[in-house]
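Sequence lines set the chain letters: A, B, ... in the order given, protein chains first and strands last, and positions in each chain run from 1. None of the values given here were measured: they were computed from a predicted structure.
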Amino acid sequence: MNEIKAPKGTRDIFSPEIQKWQFLENSIHAYYQKFLYREIRTPIFEHSELFSRGIGSETDVVQKEMYTFSDKAGRSLTLRPENTASVVRAVIENNLFESVTPLRFYYLGPMFRYDKPQKGRYRQFQQFGIEVFADESPQVDAEVIFSAVDFLKNLKIADIKLEINSVGCPQCRPGYLEILRKAARAEQSGLCADCQRKISANPLRIFDCKLPECAETAKRFPLLGNHLCSECRDHFKIVREALSWMNVPFLLNPRLVRGLDYYTKTAFEVTSGQLGAQNALLGGGRYNNLIKELGGPDMAAIGFAAGMERIILHLRHLTLPRPKIMFVAYQDPKWLPNAIQLAQVLRAHGCPVYLDYQGKNLKKQFKKADKVAAAFTMVLAEDEIKSEAVSIKDMASQDQIKISLKDLNSWLKKNY
RNA sequence: GUGAGUGUAGCUCAAUGGUAGAGUAUCGGAUUGUGGAUCCGAACGCUGCGGGUUCAAAUCCCGUCACUCACCCCA
């Protein structure tokens with residue numbers, strides 16, 4: 001007798017929230033096509049190896065958050081926890097770098113992570129994101145960041161904060177990590193057990209720890225910013241300059257680290273003060289080595305991913321225009337065929353039309369019209385049929401007019 | 001994986017251990033070709049699930065599941 005419910009961390013979306021989703025999706029398509037991004041749709045599951053190699057086998061996402069399963073042929077497959085690795089795979093597999101110009105893609109769709117659900121965090125969640133390939137200009141970094149912030153601004157999302165950092169490259173990061181490890185080992189006693197483990201595995205993450213003692217200790221650690229190679233330092237400088245003349249205010253956060261291993265150079269994150277603990281609206285950065293690591297050409301890339309549920313949470317007060325619904329009422333069941341034909345004409349004209357097939361009396365039909373929030377109700381009865389006309393009542397003003405069917409078109413033009 | 005809070009009608013919520021209720025939504029009615037208001041009526045519940053204490057449990061205890069929030073991690 002136990003009712004089957006949606007699995008933990010998943011949910012149903014329907015009216016009225018679904019209208020906001022449609023609005024957001026339309027906004028994404030419209031906005032990013034202005035930068036010549038084209039949509040790309042990749043499979044929802046991939047070979048597990050794509051993610052372990054792409055995202056990094058040491059990351060939390062790969063180690064404990066993947067929905068991995070075997071198919072009937074014994075292949076290990078995984079529901080995508082993010083989409084960048086898939087897009088890179090698709091670019092390589094289809095040789096898109098030889099046929100598509102510019103190499104810019106955007107995507108939107110569901111991602112899956114086995115996380116414990118909480119505010120703004122689901123096991124199946126929607127992300128949209130963009131990826132730019134084969135352009136390592138720092139101005140591109142700035143444009144990508146600008147577009148992310150500008151997009152959110154266009155949605156009237158306020159109270160957002162942009163943080164940026166440079167996480168270095170294979171030239172400078174390994175050397176810095178050793179310096180950081182040395183510093184951390186020297187002050188090991190000032191770190192929590194978790195952070196002590198991070199020293200060898202992923203010392204950058206120590207900067208993420210929210211425990212006051214760790215944060216206090218980490219303040220004394222050397223920062224990557226002071227150990228960047230000249231190339232990374234120059235790149236980051238131009239990114240910051242470009243952001244300034246693009247009028248994008250940002251916060252330099254030398255401790256900003258990304259959770260996925262593939263990032264190089266520029267990393268950024270937009271957070272919101274209006275969300276709960278899961279306050280990241282979007283995050284991204286450069287990943288100049290991922291394509292090569294996944295077997296493609298040596299090609300630079302940059303992108304970001306945004307959490308759509310978290311954006312939707314900000315659209316709470318968004319009011320969308322309501323469609324002008326037309327209700328077709330008939331006084332007697334024998335006029336139902338006429339009503340159906342009228343509805344067809346109206347729909348062909350583009351009006352949203354509803355009619356009740358159950359043949360109840362007019363009073364009932366008007367009540368129904370009220371419930372579907374109809375703007376107009378058309379009435380067909382003996383009188384109208386005989387004179388080849390229709391009565392139209394404006395539900396708000398209660399004005400009712402009777403017009404000839406041959407004048408219907410001009411009435412529609414005036415009112416729709 | 002860890003912790004806290006909450007589970008009662010479709011929804012929002014009541015009910016000193018003593019017959020489970022209200023508001024709202026739904027359906028019907030207040031007769032004839034016209035809605036929103038008002039009035040009358042109907043239907044709606046294994047009080048998340050399982051055990052325990054008790055003459056008696058929505059209420060107390062244990063377990064379990066679900067939801068919510070936080071840790072962790074991230075978008």
Mind checking which stems touch RNA chain B? I mean at least 3 consecutive Watson-Crick or G-U pairs, both distances under 3.5 Å.
B:1-7 with B:65-71, B:10-13 with B:21-24, B:26-30 with B:38-42, B:48-52 with B:60-64
Selected nucleotide, minimal atom distance to A:Lys367 side chain, candidates B:G35, B:A66, B:G33:
B:G35
Give me the distance, rounded to whole Å, that separates B:G3 from B:C72 when you measure between the P atoms they each carry.
15 Å
For B:U12 versus B:U16, give the span between their C1' atoms, rounded off to a whole number of Å.
24 Å
Mind checking what makes salt bridge (charged side-chain N to carboxylate O under 4.0 Å, His left out) contact with A:Glu269, not counting sequence neighbours?
A:Arg258
Listed by chain and number, what are the salt bridge (charged side-chain N to carboxylate O under 4.0 Å, His left out) partners of A:Glu388, not counting sequence neighbours?
none
Of all residues at least two apart in sequence or in a different chain, which pass the ring-ring contact (aromatic ring centres under 6.0 Å, His included) check with A:Tyr263?
none
Sorted by chain and residue number, the ring-ring contact (aromatic ring centres under 6.0 Å, His included) partners of A:Tyr176 (sequence neighbours excluded) come out as A:His227
Classify the nucleic acid contact of [X] as base, sugar-phosphate or nothing, counting any heavy atom under 4.0 Å across all strands shown.
{"X": "A:Gln400", "value": "base"}
{"X": "A:Lys360", "value": "sugar-phosphate"}
{"X": "A:Glu384", "value": "base"}

Can you confirm whether A:Val61 sits close enough to A:Phe51 that some side-chain heavy atom of one is under 4.5 Å from a side-chain heavy atom of the other?
no
Applying side chain to side chain donor-acceptor pair (under 3.5 Å), can you list everything that pairs with [X], at least two apart in sequence or on another chain?
{"X": "A:Gln19", "answer": "A:Ser15"}
{"X": "A:Arg185", "answer": "none"}
{"X": "A:His29", "answer": "A:Tyr106"}

For residues 407-416 of chain A, tabulate all N or O donor-acceptor pairs below 3.5 Å that involve a side-chain atom, not counting sequence neighbours.
| residue | atom | partner | partner atom | Å |
| --- | --- | --- | --- | --- |
| A:Ser410 | OG | A:Asp407 | O | 2.9 |
| A:Asn415 | ND2 | A:Trp411 | O | 2.9 |
| A:Tyr416 | OH | A:Lys324 | O | 3.0 |

Contact list please: residues 320-328 of chain A against RNA chain B, heavy atoms, distance less than 4.0 Å, in numerical order.
none
Contact residues, residues 372-383 of chain A to RNA chain B [heavy atom, < 4.0 Å]
A:Val379, A:Ala381, A:Asp383
Is A:Asp141 salt-bridged to A:Lys265, cutoff N-O under 4.0 Å?
no
Counting primed atoms, P, OP1 and OP2 as sugar-phosphate and everything else as base, the B/S/- map of nucleotides 70-75 of chain B against protein heavy atoms under 4.0 Å is BBBBBB
